[in-house]
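These numbers were taken from a predicted model, which means no experiment stands behind them. FYI, side chains are in, hydrogens and waters are out, and symmetry mates aren't considered; it's all heavy atoms of this structure.
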Amino acid sequence: MKHTSKKSIICPLCKDRITIGVENFILASKNSDIHLPHIHLHGNPLHALLCYINSELEIINVGVIKSIEISRDSETFTQIMKKWTNPY
Ligand SMILES: [Zn+2]
(Lines give C-alpha, C1' and ligand atoms only; values in the text may rest on other atoms or scores of the structure.)
Protein backbone atom coordinates (compact mmCIF):
# COMPACT_ATOMS: atom_id res chain seq x y z
CA MET A 1 0.00 0.00 0.00
CA LYS A 2 1.21 3.46 -0.88
CA HIS A 3 2.14 5.75 1.96
CA THR A 4 3.24 9.27 1.11
CA SER A 5 4.64 11.91 3.41
CA LYS A 6 2.60 14.94 4.37
CA LYS A 7 4.90 17.34 2.56
CA SER A 8 7.22 17.47 -0.38
CA ILE A 9 10.55 19.24 -0.63
CA ILE A 10 12.49 21.16 -3.24
CA CYS A 11 15.69 19.39 -4.26
CA PRO A 12 18.60 21.71 -3.41
CA LEU A 13 20.47 20.60 -6.55
CA CYS A 14 17.92 20.57 -9.41
CA LYS A 15 15.10 22.55 -7.73
CA ASP A 16 12.52 19.90 -8.65
CA ARG A 17 9.68 19.34 -6.17
CA ILE A 18 10.14 15.88 -4.68
CA THR A 19 7.44 13.97 -2.80
CA ILE A 20 8.73 11.26 -0.52
CA GLY A 21 6.97 7.89 -0.27
CA VAL A 22 7.87 5.35 2.38
CA GLU A 23 6.67 1.76 2.41
CA ASN A 24 4.34 0.92 5.29
CA PHE A 25 6.34 -2.08 6.44
CA ILE A 26 9.41 0.15 6.79
CA LEU A 27 7.45 2.62 8.90
CA ALA A 28 6.00 -0.20 10.99
CA SER A 29 9.48 -1.51 11.83
CA LYS A 30 10.95 1.93 12.42
CA ASN A 31 12.44 2.75 15.81
CA SER A 32 10.58 5.94 16.77
CA ASP A 33 13.67 7.39 18.48
CA ILE A 34 15.75 7.31 15.32
CA HIS A 35 15.13 9.35 12.20
CA LEU A 36 14.55 7.07 9.23
CA PRO A 37 17.06 7.47 6.40
CA HIS A 38 15.36 7.42 2.99
CA ILE A 39 16.88 7.79 -0.47
CA HIS A 40 15.06 9.29 -3.45
CA LEU A 41 16.71 8.91 -6.89
CA HIS A 42 15.88 11.31 -9.72
CA GLY A 43 17.21 13.80 -12.25
CA ASN A 44 19.58 14.11 -15.18
CA PRO A 45 22.35 13.48 -14.40
CA LEU A 46 21.03 10.98 -11.85
CA HIS A 47 21.38 12.08 -8.25
CA ALA A 48 19.76 11.25 -4.92
CA LEU A 49 18.33 12.94 -1.89
CA LEU A 50 19.15 11.41 1.45
CA CYS A 51 16.22 12.37 3.65
CA TYR A 52 15.90 11.78 7.37
CA ILE A 53 12.25 11.35 8.33
CA ASN A 54 10.63 11.48 11.76
CA SER A 55 7.65 9.53 13.11
CA GLU A 56 5.22 12.05 11.59
CA LEU A 57 6.79 11.47 8.14
CA GLU A 58 8.23 14.97 8.20
CA ILE A 59 11.57 15.46 6.51
CA ILE A 60 13.98 16.58 9.22
CA ASN A 61 17.17 16.82 7.19
CA VAL A 62 18.18 16.36 3.56
CA GLY A 63 21.46 15.80 1.75
CA VAL A 64 22.28 15.61 -1.95
CA ILE A 65 24.17 12.57 -3.23
CA LYS A 66 25.88 13.06 -6.58
CA SER A 67 28.05 9.96 -6.45
CA ILE A 68 25.87 6.92 -7.16
CA GLU A 69 26.90 3.38 -7.99
CA ILE A 70 24.54 0.53 -8.84
CA SER A 71 25.71 -3.07 -8.74
CA ARG A 72 25.55 -4.60 -12.19
CA ASP A 73 24.11 -7.96 -11.30
CA SER A 74 20.77 -9.50 -12.24
CA GLU A 75 19.48 -9.60 -8.67
CA THR A 76 19.95 -5.84 -8.23
CA PHE A 77 18.45 -5.13 -11.65
CA THR A 78 15.40 -7.24 -10.80
CA GLN A 79 14.95 -5.45 -7.50
CA ILE A 80 15.26 -2.01 -9.11
CA MET A 81 12.64 -2.94 -11.72
CA LYS A 82 10.38 -4.17 -8.93
CA LYS A 83 10.74 -0.80 -7.16
CA TRP A 84 10.19 1.01 -10.45
CA THR A 85 6.85 -0.71 -11.10
CA ASN A 86 5.64 -0.55 -7.49
CA PRO A 87 7.65 2.14 -5.72
CA TYR A 88 5.91 2.14 -2.34
ZN1 LIG B 1 17.36 16.92 -7.67
**Q** Under the rule for side chain to side chain contact (heavy atoms under 4.5 Å, CB included), what residues qualify as partners of Lys15, not counting sequence neighbours?
**A**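 Scan of Lys15 (side chain to side chain contact (heavy atoms under 4.5 Å, CB included), adjacent residues dropped) gives Ile10.
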
**Q** Could you tell me which residues satisfy side chain to side chain contact (heavy atoms under 4.5 Å, CB included) with Asn44, sequence neighbours excluded, listed by chain and number?
**A**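 Result, side chain to side chain contact (heavy atoms under 4.5 Å, CB included) vs Asn44: none returned.
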
**Q** Test Ile9 against Leu49 for side chain to side chain contact (heavy atoms under 4.5 Å, CB included), laying out the working first.
**A** CA-CA 10 Å; Ile9 54 169; Leu49 294 183; 3.7 Å; yes

**Q** Let's go through Val64 and Lys66 carefully: what are the C-alpha distance in whole Å and the side-chain angles of both, what is the deciding distance for side chain to side chain contact (heavy atoms under 4.5 Å, CB included) to 0.1 Å, and is it a yes or a no?
**A** CA-CA 6 Å; Val64 175; Lys66 292 181 183 175; 4.3 Å; yes

**Q** I'd like to know if Leu41 and Trp84 are part of one continuous hydrophobic network [Ile/Leu/Val/Met/Phe/Trp/Tyr, side-chain heavy atoms within less than 4.5 Å].
**A**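 Cluster IDs for Trp84 and Leu41 differ.
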
**Q** Using side chain to side chain contact (heavy atoms under 4.5 Å, CB included) as the criterion, point out the one residue from Leu50, Ile20, Ile59 that pairs with His38.
**A**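 Looking at Leu50, Ile20, Ile59, the match for His38 under the side chain to side chain contact (heavy atoms under 4.5 Å, CB included) is Ile20.
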
**Q** Is there a side-chain contact between Ser8 and Ile18, using heavy atoms and a 4.5 Å cut-off?
**A**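 No; the side chains remain at least 4.5 Å from each other.
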
**Q** Partners of Asp16 by side chain to side chain donor-acceptor pair (under 3.5 Å), sequence neighbours excluded?
**A**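 With sequence neighbours excluded, Asp16 shows a side chain to side chain donor-acceptor pair (under 3.5 Å) to no residue whatsoever.
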
**Q** Tell me every residue that passes side chain to side chain contact (heavy atoms under 4.5 Å, CB included) with Ile34, counting only those two or more places apart in sequence or in another chain.
**A**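 Side chain to side chain contact (heavy atoms under 4.5 Å, CB included) check on Ile34 returns Asn31.
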
**Q** Taking all heavy atoms of Cys51 and all of Val62, pick out the closest pair and write down the distance.
**A**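 Answer, listing the atom of Cys51 first, then Val62: SG-CG2, 4.0 Å.
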
**Q** Would you mind listing every ring-ring contact (aromatic ring centres under 6.0 Å, His included) that reaches into residues 43-71, with sequence neighbours excluded?
**A**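 Qualifying pairs: His42-His47.
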
**Q** Using the test side chain to side chain contact (heavy atoms under 4.5 Å, CB included), find all partners of Ser71 that sit at least two apart in sequence or belong to another chain.
**A**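 For Ser71 the side chain to side chain contact (heavy atoms under 4.5 Å, CB included) partners, ignoring immediate neighbours, are Asp73, Thr76.
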
**Q** Would Ile53 and Ile60 satisfy side chain to side chain contact (heavy atoms under 4.5 Å, CB included), going step by step from the backbone distance to the final call?
**A** CA-CA 6 Å; Ile53 299 166; Ile60 300 304; over 6 Å; no

**Q** Only counting residues at least two apart or in another chain, list the ones meeting side chain to side chain donor-acceptor pair (under 3.5 Å) with Arg72.
**A**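 Arg72: no side chain to side chain donor-acceptor pair (under 3.5 Å) contacts found.
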
